[in-house]
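Index from 1, following the sequence. Predicted, not measured: the structure shown is a model, and the values here were computed from it. Reckoned from all heavy atoms, side chains included, excluding hydrogens, waters and symmetry mates.
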Amino acid sequence: MSKQPATAPARQPLDEHAAKSVLAYAAAERAKTDVLASVLEDIAANGYPAPESGIPWETARDAHLARLADEQPRVA
């Protein structure tokens with residue numbers, strides 16, 4: 001193994017639109033992660049929710065699929 005530190009690869013700058021898109025994606029991912037972290041913190045502090053207080057996964061799935069079907073088509 002070499003004792004030399006690894007060099008960082010050269011980088012190509014992003015145009016302004018691409019940089020804004022990457023920042024918006026990062027913000028959205030951070031928001032989702034914050035929600036997940038808050039749920040896990042609540043479980044750690046208060047325990048698991050009672051099964052009776054939830055909804056069956058089939059019901060949640062069907063509602064989510066219905067919302068997706070109602071959305072306007074988008075290009076990936």
Side-chain angles (χ1 to χ4, degrees):
M1 293 226 111
S2 171
K3 301 257 185 210
Q4 299 287 344
T7 58
R11 296 191 176 211
Q12 296 178 348
L14 298 175
D15 64 46
E16 185 178 341
H17 177 71
K20 285 182 181 180
S21 294
V22 170
L23 290 172
Y25 180 75
E29 291 299 308
R30 184 172 289 117
K32 287 191 270 184
T33 303
D34 288 344
V35 169
L36 175 60
S38 69
V39 168
L40 295 174
E41 289 167 349
D42 179 68
I43 290 171
N46 303 307
Y48 289 112
E52 302 80 33
S53 67
I55 60 170
W57 72 269
E58 295 92 347
T59 304
R61 178 200 60 206
D62 293 344
H64 182 67
L65 290 174
R67 282 192 305 274
L68 290 175
D70 290 340
E71 286 184 7
Q72 295 294 323
R74 293 184 274 182
V75 175

- Item | Results of side chain to side chain donor-acceptor pair (under 3.5 Å) for H64 - residues two or more places apart only |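 Per chain and number, H64 pairs via side chain to side chain donor-acceptor pair (under 3.5 Å) with R67.
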- Item | Connected hydrophobic set around L40, excluding itself, where side chains approach under 4.5 Å |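 Noted: L40 shares its cluster with L36.
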- Can you list the other members of the hydrophobic cluster that holds I43, where links are side-chain heavy atoms under 4.5 angstrom apart?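 So far as hydrophobic clustering goes, I43 is joined with V39, Y48.
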- Query: Please, which pairs that meet salt bridge (charged side-chain N to carboxylate O under 4.0 Å, His left out) have at least one residue in residues 30-45, sequence neighbours excluded?
  - Reply: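 Salt bridge (charged side-chain N to carboxylate O under 4.0 Å, His left out) check on residues 30-45 returns E29-K32.
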- Item | Listed partners of E16 passing salt bridge (charged side-chain N to carboxylate O under 4.0 Å, His left out), at least two apart |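 K20.
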- Task: Could you pull out the closest heavy-atom pair between S38 and V35, with the gap in Å?
- Result: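 It is OG-O, 2.7 Å.
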- Identify, with sequence neighbours excluded, every residue that meets side chain to side chain contact (heavy atoms under 4.5 Å, CB included) alongside A50.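 Residues passing side chain to side chain contact (heavy atoms under 4.5 Å, CB included) with A50: E52, S53.
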